[in-house]
Amino acid sequence: MIKVLKKDVELATVPPVPETAVEDTPVKESAKTTDITNLTNLTTKQLVNVDSKQSTRDDVIDAMIKDLVKDGAVTDHDAFKEAIMARESESTTGIGMEVAIPHGKSDVVTEPRIAFYISKDGVDWSSLDGTLSKLIFMIAVPKSQAGDQHLKILQLLSRKLMDDSFRENLIKAQSKDEAYRLLEEIK
């Protein structure tokens, strides 16, 4: 699963920085940093939909981006959709086990954010194992934070989504509150 998710994460070798250089470096006040140790630090109940009625991948993508725009995390629907679709054209983000994790890095993303949809009927995402995607996590990351933030979010998600009973409980969630409580377990 990690191999599929890491496909677009660029790895770079960074030389060690002397401790004195770190201490003397001013921190930019304007940079938005998000704690990504818990999934719920990256989402809100307004970005959770437990009964998605969209029947195609593209319709789900459009609806999720609309929610991210309404949230303020994305400033331009079309530009972010272009980033999402560019990633989808590389290979499917339907990772299998009834899970899809569409993700995009773009300058129109103001801060890392996740929208989460549950499709009770499932959506054809061309998943690697042929299953329909019922749990769909859309990750939006600012292009400037792409490598580090993006990889941490994918790792956070993938660890918990390997648990069959957790996925099943999430699929069965009947309310935003119930789904959000389950998402709080992703740490």
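All heavy atoms count here, side chains included; hydrogens, waters and symmetry mates do not. If you're wondering where the values come from, they're calculated on a predicted model, not measured in any experiment.
- Closest approach of M85 and I61 over heavy atoms only: SD-CD1, 3.8 Å.
- In summary, of the residues considered (E88, H103, R57), a side-chain hydrogen bond (donor to acceptor under 3.5 Å, both in side chains) with T93 occurs for E88 alone.
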Candidate pair K160 and R167, rule side chain to side chain contact (heavy atoms under 4.5 Å, CB included), full reasoning: CA-CA 8 Å; K160 191 67 175 173; R167 286 193 321 276; over 6 Å; no
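- Side-chain contact annotation: S119 with D121, donor-acceptor N/O pair under 3.5 Å absent.
- Shortest non-hydrogen contact noted between T92 and S126 is CG2-O, 3.2 Å.
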Derivation and outcome, side chain to side chain contact (heavy atoms under 4.5 Å, CB included), residues V109 and K143: CA-CA 8 Å; V109 178; K143 201 171 204 171; over 6 Å; no
Under 3.5 Å, side-chain donor or acceptor atoms of residues 178-187 against the rest of the protein: list the pairs with distances, not counting sequence neighbours.
| from | atom 1 | to | atom 2 | distance (Å) |
| --- | --- | --- | --- | --- |
| E178 | OE1 | Q174 | N | 2.9 |
| Y180 | OH | T40 | O | 3.4 |

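- Between I101 and L161, some side-chain heavy-atom pair lies under the 4.5 Å cut-off.
- For S106 (side chain) and A83 (main-chain N/O), no donor-acceptor pair under 3.5 Å exists by modelled atom type.
- A donor-acceptor pair under 3.5 Å is formed between the side chain of D76 and the backbone N or O of A79.
- In the hydrophobic clustering of this structure, L170 groups with L42; members are Ile, Leu, Val, Met, Phe, Trp, Tyr whose side-chain heavy atoms approach within less than 4.5 Å, directly or through other members.
- The closest side-chain heavy-atom distance from P102 to I136 is below 4.5 Å.
- Among residues two or more places apart in sequence or in another chain, the salt bridge (charged side-chain N to carboxylate O under 4.0 Å, His left out) test is passed with D177 by K45.
- Contact between A173 and I118 at its shortest, heavy atoms only, is CB-CD1, 4.1 Å.
- Applying the side chain to side chain donor-acceptor pair (under 3.5 Å) test to every pair with at least one member in residues 59-74, sequence neighbours left out, gives these pairs: T56-D59, D62-K81, D67-Y117, D71-R113.
- Residues W125 and V60 form a side-chain contact, since some pair of their non-hydrogen atoms from C-beta on lies under 4.5 Å apart.
- Using a 4.5 Å heavy-atom threshold, the side chains of F116 and N49 count as separate.
- Taken from OG in S52 to CE in M64, the straight-line distance is 8.0 Å, to the nearest 0.5 Å.
- Interatomic distance, T75 OG1 to D107 CG, rounded to the nearest 0.5 Å: 9.0 Å.
- Connection of F137 to I171 is established within a shared hydrophobic cluster, with ILVMFWY side chains joined at heavy-atom distances below 4.5 Å, either directly or through further cluster members.
- With contacts defined as side-chain heavy-atom distances shorter than 4.5 Å, the pair V141/I139 qualifies.
- Within the 3.5 Å criterion, the main-chain N or O of I114 finds a donor-acceptor partner in the side chain of T43.
- Side-chain contact between E98 and L135 is absent, with no heavy-atom pair separated by less than 4.5 Å.
- T110 is not listed as a side-chain neighbour of V74, based on a closest heavy-atom distance of 4.5 Å or more.
- One hydrophobic cluster, built from ILVMFWY side chains closer than 4.5 Å, holds both V48 and F166.
- For the residue pair Q155 and S158, the shortest heavy atom distance occurs at O-OG, 3.2 Å.
- In this structure a side-chain-to-backbone donor-acceptor pair under 3.5 Å is missing from R159 to D163.
- You'll find the side chain of F80 stays beyond 4.5 Å of the side chain of V69, heavy atoms only.
- No chain of hydrophobic side-chain contacts below 4.5 Å, direct or via other Ile, Leu, Val, Met, Phe, Trp or Tyr residues, connects L47 to V50.
- Under a hydrophobic clustering in which Ile, Leu, Val, Met, Phe, Trp and Tyr are joined whenever their side-chain heavy atoms come within less than 4.5 Å, directly or via other members, L154 and I84 fall into different clusters.
- There is a side-chain donor-acceptor pair under 3.5 Å between T131 and D129.
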